[in-house]
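Proteins come first, then strands; the chains are lettered A, B, ... in the order of their sequence lines, and each starts at number 1. Quantities reported herein were computed from a predicted structural model and do not represent experimental measurements.
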There are 2 protein chains.
Amino acid sequence: MTTTASARGREVRHRLLAAATELIPEVGWSSVSTRLLAERAGVAPGLVHYHFESLAVLLRQAALDVFRQALSGTEAALAPAPDLDAGLELLLASLDGYSGADPTSLLFIETYLAATRDQALGDELAELLYEFRSRLASWLRQHGAGDPEQTAAVLAAAVDGVMLHRALDPGLTSATVSPALRRLLATGPDRRRDT
Amino acid sequence: MTTTASARGREVRHRLLAAATELIPEVGWSSVSTRLLAERAGVAPGLVHYHFESLAVLLRQAALDVFRQALSGTEAALAPAPDLDAGLELLLASLDGYSGADPTSLLFIETYLAATRDQALGDELAELLYEFRSRLASWLRQHGAGDPEQTAAVLAAAVDGVMLHRALDPGLTSATVSPALRRLLATGPDRRRDT
DNA sequence: GATCGCCTTGGGCGATTGTCCAACCATAGC
DNA sequence: GCTATGGTTGGACAATCGCCCAAGGCGATC
């Protein structure tokens, strides 16, 4: 049980980040205070500014961690699908676990908003979005969807929009949106002119 | 130039609401303070709590006013369309005026978030969303789209999602998303089984 | 046992928060 | 000119904010 000082420090950093991912959805990004954070993490208030340069840096790191984790989880969900329709069902099913008002969904929206007021956060978030859409596009291309890049962009946006609206309308489940989104993936009846 | 007291009061109420619609996107819902609001409106700080029961009530009313105005504007945009594709183009074109990081877009997202923490706001917002989707669905039905209700719900969500992502990716214009969304409205190649 | 390095503590700093209120002003009816 | 009436003013209040820092704790190294 030899807990070195640096190991305890690492533990505290982790607890503070975990507390941030809890509190951002609960009280809102800009209402997460150093004292609230420290209390939730079970550490002394002064530790926040010892381990992190500022409150903004802490929140940014916590949010980006959750984002990366959620995106890779979503990608993993649709990996084993044999075709487009099956993949869409798997993707939507993996999202049925979120109500739109759950911590993860709210943290997503809070982060989108915070990104409009924090240049650094916005840059990193845009990069994550581009990478995710790129992988989604290549998956679509592999399974024969037309216009992979554009379709991926609209599908990603549509899914986020559904989560946004689901908080107001709990009936907006995968069963409800699946038929319409299937049409989105369908290879259009009119064939492409170029490329 | 006989300005009665009640007329001046009405004017102040209006200026405070206008200031709120400016400040919510600028600094974030929960960072709109009474003093900031009064300063922007050019009135004394004490007037906020004279004309409004609380800060929350003021923000709620301001946000809902903008919501109602924006939704009726969107409806008006697609009213003159002769068919589905033309209507979609008009709707998307009317949204090209918003960057995703503009005041109106940000106020929308801020309001969605605030609604998850303000029961009364959430209820009113859900009602507005239902009404809008209902009118959108009847428009879709009139022009021969299949599954009008579900399609309207997904279209409304997709449009909001596109606005959310546009802040991170300015290239997500109507020209980019139009082809994919047109497929969304297309009457599917497989015909409906029931109804 | 002394020293070093990292982590931790608890409170101080000035600024800002929502809400309230006593006092004040101007207009309308008489 | 007097009195209601409704609007307005600017400051008081306790609470909270981000950030900072002197002081102390403690395992590792010599």
Note to self: Less than 4.5 Å apart, side chain to side chain, heavy atoms only: is that true for B:Tyr50 and B:Val12?
What the structure shows: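 No; the side chains remain at least 4.5 Å from each other.
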For residues [X] and [Y], is any side-chain donor paired with an opposing acceptor at under 3.5 Å?
{"X": "B:Gln119", "Y": "B:Asp123", "result": "yes"}
{"X": "B:Ser174", "Y": "B:Glu89", "result": "no"}
{"X": "A:Thr151", "Y": "B:Arg183", "result": "yes"}

Margin query: How about CD on B:Gln142, more than 12 heavy atoms from neighbouring residues, nucleotides or ligands closer than 6.0 Å, or not?
Written below: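 Count over threshold, so yes.
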Note to self: Please determine whether the number of non-hydrogen atoms from other residues, nucleotides or ligands lying under 6.0 Å from atom CD of B:Glu131 exceeds 12.
What the structure shows: yes
Next item on the list: Could you check whether the rings of A:His165 and B:Tyr112 sit parallel, tilted or perpendicular, using 30° and 60° as the cut-offs?
Entry: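 Plane angle between 30° and 60°, so tilted.
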Margin query: In this structure, how many angstroms lie between the P atom of D:dC19 and the CG atom of A:Leu16, rounded?
Written below: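 The distance from CG of A:Leu16 to P of D:dC19 comes to 14 Å, rounded to the nearest Å.
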Notebook entry, point to check: Are the side chain of A:Asp147 and the backbone of A:Gln150 linked by a donor-acceptor contact shorter than 3.5 Å?
Noted result: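 Absent.
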Checklist line | For DNA chain D, the residues among residues 29-51 of chain B that have a non-hydrogen atom under 4.0 Å from it | finding: B:Arg35, B:Ala44, B:Gly46, B:Leu47, B:Tyr50, B:His51
Item checked: Residues in contact with DNA chain D, drawn from residues 52-61 of chain A - heavy-atom cutoff 4.0 Å -> A:Ser54, A:Leu55
